[in-house]
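Order of the sequence lines sets the chain letters (A, B, ...), proteins ahead of strands, with each chain counted from 1. Please read these numbers as outputs of a predicted model, since none were measured by experiment.
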2 protein chains.
Amino acid sequence: MNIQGEATKKPVHKTGENTPGNPAAAAPRASRGPSIADVAREAGVSAQTVSRVSNGLTNVEESTKKRVVEAMKRLGYRPNRAARALKSGRFKSIGVIMFSLTSFGNMRTLDAIATAAAQAGYSVTLIPLEGPTPGMVTGAYDRLREQEVDGVIIIFEAHLLDQADITVPEDLPAVVIDSAPKSGYTMVDTDQAEGARLATSHLLGLGHTNVWHIGGPTTSFSAKHREASWRATLHDAGIEAPPVMNGDWSTDSGYQIGRELARNPDVHAIFAANDQMALGAMRALHELGRAIPADVSIVGFDDLDESTSFWPPLTTIHQDFQTVGRLSIEHLLQKIAGQSPANDATTVGTHLVVRKSTAAPAH
Amino acid sequence: MNIQGEATKKPVHKTGENTPGNPAAAAPRASRGPSIADVAREAGVSAQTVSRVSNGLTNVEESTKKRVVEAMKRLGYRPNRAARALKSGRFKSIGVIMFSLTSFGNMRTLDAIATAAAQAGYSVTLIPLEGPTPGMVTGAYDRLREQEVDGVIIIFEAHLLDQADITVPEDLPAVVIDSAPKSGYTMVDTDQAEGARLATSHLLGLGHTNVWHIGGPTTSFSAKHREASWRATLHDAGIEAPPVMNGDWSTDSGYQIGRELARNPDVHAIFAANDQMALGAMRALHELGRAIPADVSIVGFDDLDESTSFWPPLTTIHQDFQTVGRLSIEHLLQKIAGQSPANDATTVGTHLVVRKSTAAPAH
DNA sequence: TTCAGAGATGTTTGCGTAAACATCAAACAA
DNA sequence: TTGTTTGATGTTTACGCAAACATCTCTGAA
């Protein structure tokens, strides 16, 4: 009420005094909240002083500041970010481009990003993509540029951007997760190589003479990196890597591949590129009567909260999604602030979590 | 390159010709993209005409429009949403407030929301909350108001808002998911009652004489509703409901409660309020030697993609997250457009998916 | 006393856009 | 012819904010 009254009392502006044929009652224009000018009037100061208080500048006398703050409260004033952004060119918002919200790993990373961004006073704008086709990527970029964000975090293979004939505008800070180093972008990611090596070595150390691999999609750098490291680890042990079948991260794809592997009596050790595919593979093994871990050992990658409760509880590689998300934001904010112009690559460590899905081979 | 070159050629503006003591080279002011005025100059028309083309208004001659579009392309023009928002009061953005990104159900819903919003030309701004305490909710609202969104979707119990002494500003359209009907907000949700009834009836129909329940957190309306419906279904069958233990949706909480239930020889049928807790409970049952479904039957709620691959594959209630998300956006956009002022409640149907975790009792 | 310096506060201005209004030419009716 | 309508286009203005600059009021030193 009070506010309303004040708000409508707004200035007549200097729009020339001559508007005689005023058409009926002015439309009750969609109530915009009180502006900085309203607060200024209420507090008896200038708009600029209100702005200073609003932005926490120091050079305002204590009593004045108090008066302004009270006026703000009374009017329920909230700064208008659109105006602020228009004026300052800063949006206090970062965009996240990702393909799918259905991959648990991405979810966890997004969660961490959102939390870290919020703590830094940034909001997160989501741009979901439907698939890794050039068109989809382009569309996202257009949208992000329109949206005007201060920077972006991209959670997929950066070379897809290149394929799509896109370069991130040089003035738009970007951080890439799940991509190759030296892609030309700042990068933060889990140490995929270490994780895959840990998983493979664990199985080898148990006495297995070979390790099969359920790979992730070939469009994913994480997947490719994990596979390469698995292959290298086998090679270092003098073992020739068996053929790889690639899933799409989904549980069902793991199940399909798992059925193939389960039918092969030579398979006694499996390294799945993520926990979800490992889960699917375990179902296939169960269905085909292969005991885990007595007959077949399996290791996953991710360490989801759920993996402890898979049956049997899954031995897996722990990924620190939290840290990846946090570091991404940190690096991005630094770039936004104009620091750290280097396109560096940061890697977050992993570790092996041994549970019940692996054991020494029977023979 | 080309674009770059054009962009830097930007107007000198009419900032008064007299700036003699110009300090060195003018700071290479953060390159703002080309504005509507640049396009207008390039195309030899007025800014207003460019605006008309940009907004797809019809009253522009074809040849003129073409000239403008070409100029836009040449300059790489993108409308500035901040300016547009400032002018129009519309932000083409909707906010999503949610507690946790770690609950799979919320994730799936968020995914659907983001997709539907994108299709409607809206972006999604994420506001993660750390917990259901009043302070957290308040903070989120402040942030959302500052962020200036056209509407919000709230994925949690609406009464928490009331507890927090907050009312959604009447002029801010809102849709609530996972909340009680008649909460005063427009509501979209899965038909919790139907789902819980389906689950309970299924177990009863199999011949079980009682059904235990693993409940969700008491702060969740979904959880309370599922529990109430389970209780009512038992009551209708002349059965007194056994005591309920409440988890927090997490797999681990399901495991803890599952261990209690597994130790009780009377327990032969369990309805878990979500699939994750069912997974945890199944692990507990396995560990304590209770066969599923020979000795104990269990039904979940959600029907995650993973549930097919749990061991045994989980019988569960299918929730259509996709539809819930899509309808939320539809209703919200209607409210934003000023239509459908009624605070109605929309319910999305469920169905039972029978897999391998349920069977008739032994004897 | 006089003035320089420092800090508080006010005034002007423009960010990019679109509504409101103004103008102008062509088409048409009287 | 002359005026009226219609559609295309240009001009002015304000959206809310915060830089840049201007002013004003104290201190304290010369």
Trainee: If the condition is salt bridge (Lys or Arg N to Asp or Glu O under 4.0 Å), which residues does A:R52 pass it with, not counting sequence neighbours?
Mentor: none
Trainee: Would you say A:T125 and A:V96 make side-chain contact, with heavy atoms under 4.5 Å?
Mentor: no
Trainee: Not counting sequence neighbours, which residues clear salt bridge (Lys or Arg N to Asp or Glu O under 4.0 Å) with A:E61? List them please.
Mentor: none
Trainee: I want to check one thing: is the phosphate of D:dT9, taken as OP1 and OP2, less than 4.0 Å away from some side-chain N or O of B:T64?
Mentor: yes
Trainee: As a test of reading the structure: which of D:dG10, D:dG16, C:dA18 is closest to the side chain of B:N55, going by heavy atoms?
Mentor: C:dA18
Trainee: C:dG16, OP1 or OP2 - any side-chain N/O from B:R84 closer than 4.0 Å?
Mentor: no
Trainee: Measure from CG on A:L86 to C1' on C:dT13 and round the result to the nearest Å.
Mentor: 13 Å
Trainee: May I have the distance from A:K65 (atom NZ) to C:dA8 (atom C1'), rounded to whole angstrom?
Mentor: 13 Å
Trainee: Among D:dT9, C:dT9, C:dT17, which nucleotide has an atom closest to any side-chain atom of B:R52?
Mentor: D:dT9
Trainee: Between C:dT17 atom P and B:R78 atom CZ, what is the distance in whole Å?
Mentor: 12 Å
Trainee: For the pair made of CG in A:N80 and P in C:dT17, what is the distance, rounded to whole Å?
Mentor: 16 Å
Trainee: I need the CD-C1' distance between A:E61 and C:dA6, as an integer number of Å.
Mentor: 14 Å
Trainee: Taking side chain to side chain donor-acceptor pair (under 3.5 Å) as the test, write out the residues that go with A:S328, two or more places apart.
Mentor: none
Trainee: Round to a whole Å and report the spacing from CZ of A:R67 to C1' of C:dT9.
Mentor: 11 Å
Trainee: Would you please name every residue forming a salt bridge (Lys or Arg N to Asp or Glu O under 4.0 Å) with B:R67, sequence neighbours left out?
Mentor: none
Trainee: Calculate the interatomic distance between A:E62 atom CD and C:dT9 atom C1'; express it in whole Å.
Mentor: 15 Å
Trainee: Looking at DNA chain C, which of residues 43-51 of chain A put a heavy atom within less than 4.0 Å of it?
Mentor: A:V45, A:S46, A:Q48, A:T49
Trainee: For B:T346, enumerate each residue passing the side chain to side chain contact (heavy atoms under 4.5 Å, CB included) test, keeping only those at least two apart in sequence or located in another chain.
Mentor: B:V188, B:L327, B:H331, B:D344
Trainee: Taking only residues two or more places apart in sequence, or in another chain, which ones meet B:E70 in a salt bridge (Lys or Arg N to Asp or Glu O under 4.0 Å)?
Mentor: none
Trainee: Spell out, as yes or no, whether a donor-acceptor pair under 3.5 Å connects the side chain of A:D150 to the backbone of A:F91.
Mentor: yes
Trainee: Ignoring the backbone of A:S35, work out which of D:dA18, D:dG10, D:dG16 is nearest its side chain.
Mentor: D:dG16
Trainee: Residues two or more places apart in sequence or in another chain: which of them pass side chain to side chain donor-acceptor pair (under 3.5 Å) with A:S51?
Mentor: none
Trainee: To the nearest 10°, let me know how far the axis at one end of the helix from C:dT1-D:dA30 to C:dA30-D:dT1 is tilted from the axis at the other, five pairs an end.
Mentor: 60°
Trainee: Once you round it to whole Å, what is the distance between C1' of C:dG16 and CG of B:D38?
Mentor: 10 Å
